[in-house]
Q: 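Below are the structure tokens for one structure; questions will follow.
Throughout, protein chains are lettered first and strands after them, A, B, ... in sequence-line order, and every chain is numbered starting at 1.
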Protein chains: 2
Amino acid sequence: MRKRLRRPTHPGGILRRHYIEPLSMTVSGLAAVLGVSRKTLSEIVNEHASITPDMALRLSKAFKTTPELWLNMQRNYDLWQAAHKSDDWKLVEAVAV
Amino acid sequence: MRKRLRRPTHPGGILRRHYIEPLSMTVSGLAAVLGVSRKTLSEIVNEHASITPDMALRLSKAFKTTPELWLNMQRNYDLWQAAHKSDDWKLVEAVAV
DNA sequence: TATTAGTGTAACCCTTATGGTTACAAATGT
DNA sequence: ACATTTGTAACCATAAGGGTTACACTAATA
């Protein structure tokens with residue numbers, strides 16, 4: 001397992017650059033398609049909020065992807081953040097087998 | 001992508017049956033090793049709380065696994081719950097390409 | 001049998017997350 | 001010049017996460 005050195009891209013950034021912009025969609029328009037408020041989607045694409053399981057399901061329907069695609073990106077992002085927020089977890093010793 | 005028919009096993013159940021019990025550990029003991037409260041771990045192994053990124057890092061150190069192992073189990077569980085909690089997301093239409 | 005260790009969980013605290021509405025200033029497009 | 005789009009603040013409500021203390025219950029053991 002390679003350790004990730006740089007902060008993984010936030011899934012909101014991917015959503016914006018790889019989906020919204022290439023398709024010339026608006027944030028407002030996509031929010032309507034997804035059935036969520038404009039604020040909720042705006043915070044995601046500006047990388048201030050997370051992809052929740054419910055949002056992953058909506059995105060998977062809208063863009064014919066798997067919900068896992070979005071949740072894995074979010075997981076990688078969250079994991080990196082947790083690993084760098086504190087060093088506490090590094091003090092955990094391996095359990096003797 | 002196969003659709004999961006039954007609720008995926010909660011990672012807390014796996015932790016209890018595949019790690020704690022085979023190693024004859026106690027919940028209290030493992031909580032101490034992990035550096036979290038007994039309550040926090042107890043709620044997880046009784047499937048009343050989630051594996052957070054921080055907890056996944058601690059478990060990965062204790063049991064020499066990847067943190068992704070635990071987070072993927074949690075993701076599958078959460079995704080199944082979200083998909084069955086409401087049908088709203090099913091109303092989302094695919095975006096025209 | 002009396003005692004101890006381990007457990008599940010309630011009650012309580014505090015902090016953070018999620019998502020909605022409304023409103024407004026700034027930017028962009030026609 | 002006007003309309004659309006945007007980011008985000010302010011505000012609300014609900015839920016999640018984790019800690020402490022306390023208590024009743026179970027299981028093992030001196």
Q: In terms of hydrophobic clusters joined by side-chain contacts under 4.5 Å, are Y77(B) and L79(B) together?
A: no
Q: With a strict under 4.0 Å distance from non-hydrogen atoms of chain A, what nucleotide opens and what nucleotide closes the contacted stretch of DNA chain D, reading 5' to 3'?
A: dT5(D) to dT8(D)
Q: What string of B, S and - do you get for nucleotides 11-21 of chain C 5' to 3' if you count protein non-hydrogen atoms under 4.0 Å?
A: -------SBBB
Q: With distance as the sole test, does H10(B) use its side chain to make a donor-acceptor pair with the main-chain N or O of A49(B) at under 3.5 Å?
A: yes
Q: Are the side chain of S86(B) and the backbone of D88(B) linked by a donor-acceptor contact shorter than 3.5 Å?
A: yes
Q: May I ask you to decide if L34(A)'s main-chain N or O and R58(A)'s side chain share a donor-acceptor pair within less than 3.5 Å?
A: yes
Q: Under a 4.0 Å heavy-atom cut-off, which of residues 13-32 of chain A touch DNA chain D?
A: R16(A), T26(A), V27(A), S28(A)
Q: For L15(A) and L41(A): C-alpha separation, side-chain torsions, deciding distance, then whether side-chain contact (heavy atoms from CB on, under 4.5 Å) applies.
A: CA-CA 10 Å; L15(A) 177 55; L41(A) 183 60; 3.9 Å; yes
Q: Output yes when a side-chain donor or acceptor of S60(B) lies under 3.5 Å from a complementary backbone atom of L57(B), and no otherwise.
A: yes
Q: At their closest point, which heavy atom of D54(A) faces which heavy atom of A82(B), and how far apart are they?
A: N-CB, 4.1 Å
Q: If we ignore hydrogens and angles and just use 3.5 Å, is the side chain of Q74(A) paired with the main-chain N or O of I51(A) as donor and acceptor?
A: yes
Q: Closer than 3.5 angstrom, by distance alone: can the side chain of K61(B) be matched with the main-chain N or O of E93(A) as a donor-acceptor pair?
A: no
Q: Are W70(B) and Y19(B) an aromatic pair by the rule of ring centers under 6.0 Å?
A: yes
